[in-house]
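Here's the structure we're looking at; comments come further down.
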Amino acid sequence: MLIAGTWEATTEVIEVRNPQDGTLIDTVPRADAAQMERAIGCAVEGGRRWKRAPTYERMNVLFKAAGVIEERSEEFARTIALEGIKTIREARREVARCVETLRISGEEARRLDGETIRFDQAPGGERRKGFYTREPIGVIGAITPFNDPLNLVAHKVGPAIAAGNAVIVKPDSRTPLSALKLAEAFSDAGAPRGVLQEVTGPGSSVGAQMVRDPRVRMISFTGGRETGERIMRDGGFKKYAMELGNNAPVIVMPDADIVDAAEAIVSGAFWAAGQNCLHVQRIFVHRQVWDQLVPLLVEGARGYKVGDKLDENTDMGPMIDEEAAAKVEVMVNDALSKGARCLTGGTRDGAYFMPTLLEGVPSSAMIYRQEVYGPVSLIEPFEELDDAIEAANAVDFGLQAAIFTKDLDAAFRAGEELDYGGVVVNDSSDYRIDAMPFGGPKGSGLGREGVRFAMEEMTEPKMLSFRLSFRLGPAAPERSPASSVKPESGAT
Ligand code: NAP
């Protein structure tokens, strides 16, 4: 791990195992309290210096780190595919997005601006001029999950560094290797000591220590809702960005391009074996197109090749561990016992859960309201858009939703009425680019990611107001033409 500019090891280690067969890939240090304490102390110092670094330096570090990752992209992709849940093709996509996230961060560094304020809008504000800038918060603690072990770290590190903060990353203990490689890329890119540190160790010990420390002014967390709530209780009075779970609805209207919709929905349902906050969980299909769409979805799910993550032909890998797969199995069985029918899948082999489609799932089933976080989607018919929207909103999540339609009115209504942070038209809920605002209401979290929006969360406005000694007011009376002086020729 990287503390105070030095790569450190410990005698006690955390084993990193390949979720598909349990083989040992590597070990990482299990940090103790003294190491986290040193990292925080160094971040305070690093943050003070980095705040004063000129914008071009921030930009250089980010662009260079992006370049290092791009050059070594295959090595990064293999690390993601080995330690995590993604196939090699999915992992390559994540690496490309990480490069993009860091480049956007470099670009946004130059646009981090405030604005001038019209003080004379209020009595007593005459003779004042001023503006605000956006100042870094100081030290940011970044706590990240396993599902995008590289790009979700970049989504915190890039904006934090672009905005002039110091950042300490505490990656998920199951997938720490990609995050450590990211830190290596920043070291190679010349990031100064203390600007980025990475401390590996259990969330419940060193993670909680970082959360509780008052010098860490903001926690940027992506992960499960329960952990997020616990962090906010533990951390008390500080700033939080919380990127939590979802239960994404996708609505298919009768006028949609059904073949195109089926393809997008299958990809959104089974990408990263459903361990994705944008996973298509509930598919609302208009009755008129049910008989066309549902067989295409079933065919798509059955066509998915599940297996070895490093095989170029594999479409879907395992879940992060057997326990996670068993949890999905419990949810599926609960739905089946309450009357749901399984159209395809529904079976588990160790950490692998087959691509699964259920229909007739009653709202009393836990899989209907909770986040499944696995490769299972529910299909439900509707007749009126109102009913689909109401059902889509009837969960305590709101990250992103989607509608397939060619009808502008239906698209705009969905955009207005779906209670989600993002509504996607004619792509599945899984559509995202790294520059867009990302986050949602209700149980999906607090604040927004997406580089520019994360930078806003990671900075605070600072006002400068000037009282002037001369009066800013109505212009002096115009001189008469006779007394005016003619400008010399050529003067402007
Ligand atoms: P999790 O268990 O909540 O863990 C996430 C991170 O929190 C890990 O690094 C973990 O460390 C750390 N942690 C655990 N307990 C902690 C504590 N008491 N104090 C500080 N840190 C602590 O994550 P998960 O449940 O596997 O993540 C899946 C969830 O993430 C899903 O709900 C998914 O939807 C959500 N997610 C959301 C987004 C988004 O952008 N909205 C993106 C991806 C995923 P250890 O590993 O060491 O325990």
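Counting convention: from 1, in listed order, for ligands and their atoms alike.
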Quiz item: Taking D315 as the fixed residue, which of R302, R89, K86 is the one that meets the salt bridge (Lys or Arg N to Asp or Glu O under 4.0 Å) rule?
Solution: R89

Quiz prompt | Side chain, backbone, both or neither: the part of I320 lying under 4.0 Å from ligand 1 by heavy atom | solution = neither

Self-check item: Those atoms of ligand 1 less than 4.0 Å from some heavy atom in C277
Solution: 34 (O), 36 (N), 37 (C), 38 (C), 39 (C), 40 (O), 41 (N), 42 (C), 43 (C)

Quiz item: Should the proximity of T227 to ligand 1, defined as any heavy atom under 4.0 Å, be assigned to the side chain, the backbone, both, or neither?
Solution: side chain

Quiz prompt | Residue L399 vicinity, atoms of ligand 1 by number, heavy atom under 4.0 Å | solution = 41 (N)

Quiz item: Backbone N or O of A163 within a donor-acceptor pair of the T459 side chain at under 3.5 Å?
Solution: no

Quiz item: For ligand 1, does S444 get within less than 4.0 Å through its side chain, its backbone, both, or neither, judged by non-hydrogen atoms?
Solution: neither

Quiz item: Thinking salt bridges, do E198 and K170 make one under a 4.0 Å N-O criterion?
Solution: no

Quiz item: Does any N/O atom on F221 come nearer than 3.5 Å to any N/O atom on ligand 1?
Solution: no

Exercise. For ligand 1, find out whether one of its N or O atoms is nearer than 3.5 Å to an N or O atom of F146.
Key: no

Quiz item: For the residue pair F284 and F382, is the inter-centroid distance of their aromatic rings smaller than 6.0 Å?
Solution: no

Exercise. Would you please determine whether G201 falls within less than 4.0 Å of ligand 1 on a heavy-atom basis?
Key: yes

Quiz item: Is it true that atom NZ of K327 has more than 12 heavy atoms of other residues, nucleotides or ligands lying nearer than 6.0 Å?
Solution: no

Quiz prompt | Per-atom contacts of ligand 1 with I143, taking only distances under 4.0 Å to non-hydrogen atoms | solution = 6 (C), 7 (O), 9 (O), 12 (C), 20 (C), 21 (N)

Quiz item: Taking the six-membered ring of F76, is NZ or CZ of K181 closer than 6.0 Å to its centre and within 45° of its axis?
Solution: yes

Quiz item: Distance-only, no hydrogens or angles: does the N393 side chain make a donor-acceptor pair with backbone N or O of D419 under 3.5 Å?
Solution: yes

Quiz item: Could an N or O of ligand 1 be found under 3.5 Å from any N or O of L152, whether backbone or side chain?
Solution: no

Quiz item: With no hydrogens and no angle check, do the side chains of Q20 and D308 hold a donor and an acceptor under 3.5 Å apart?
Solution: yes

Quiz prompt | Non-neighbouring partners of K305 that pass side-chain hydrogen bond (donor to acceptor under 3.5 Å, both in side chains), sequence neighbours left out | solution = none

Exercise. Report, in ascending order of atom number, the atoms of ligand 1 lying under 4.0 Å from any heavy atom of I231.
Key: 19 (N), 20 (C), 21 (N)

Exercise. Would you mind running through ligand 1 and noting each atom that sits below 4.0 Å from a heavy atom of P171?
Key: 9 (O)

Quiz item: Does NZ or CZ of R432 fall inside the cone over F438's six-membered ring, less than 6.0 Å from its centre and within 45° of the axis?
Solution: yes

Quiz item: Side chain, backbone, both or neither: which part of N276 has a heavy atom under 4.0 Å from ligand 1?
Solution: neither

Quiz item: With the threshold set at 4.0 Å, does a side-chain nitrogen-carboxylate oxygen contact exist between R215 and E37?
Solution: yes

Quiz item: Nearest to atom 47 (O) of ligand 1 by heavy atom, S173, P176, G439: which?
Solution: S173

Quiz item: Where's the contact between D148 and ligand 1, heavy-atom distance under 4.0 Å: side chain, backbone, both or neither?
Solution: neither

Quiz prompt | Pair Q35-T10, side-chain donor/acceptor within less than 3.5 Å | solution = no

Quiz item: Is ligand 1 less than 4.0 angstrom away from at least one heavy atom of R225?
Solution: no

Quiz item: Nearest to atom 35 (C) of ligand 1 by heavy atom, S205, G223, P145: which?
Solution: G223

Quiz prompt | Sub-3.5 Å N/O-N/O distance, R432 and ligand 1 | solution = no

Quiz item: Of V16, I14, D321, which is the lone residue that meets side-chain contact (heavy atoms from CB on, under 4.5 Å) with R174?
Solution: D321

Quiz item: Is the closest N or O pair between D234 and ligand 1 shorter than 3.5 Å?
Solution: no

Quiz item: Does K170, backbone or side chain, put an N or O under 3.5 Å from an N or O of ligand 1?
Solution: yes

Quiz prompt | Atoms of ligand 1, numbered as shown, that sit under 4.0 Å from any heavy atom of G224 | solution = 1 (P), 3 (O), 23 (O), 25 (O), 27 (O), 29 (C), 30 (O), 32 (O)

Quiz prompt | Element-labelled atoms of ligand 1 that are located less than 4.0 Å from some non-hydrogen atom of P202 | solution = 47 (O)

Quiz item: Do any N/O atoms on R174 end up under 3.5 angstrom from N/O atoms on ligand 1?
Solution: yes

Self-check item: Contact atoms of ligand 1, heavy-atom distance to A208 under 4.0 Å
Solution: 19 (N), 20 (C)

Quiz item: Does some side-chain heavy atom of P29 sit less than 4.5 Å from a side-chain heavy atom of V13?
Solution: no

Quiz item: Within a reach of under 6.0 Å around NZ of K239, are more than 12 heavy atoms found that belong to other residues, nucleotides or ligands?
Solution: yes

Exercise. Return yes when G445 approaches ligand 1 closer than 4.0 angstrom through a heavy atom, no otherwise.
Key: no

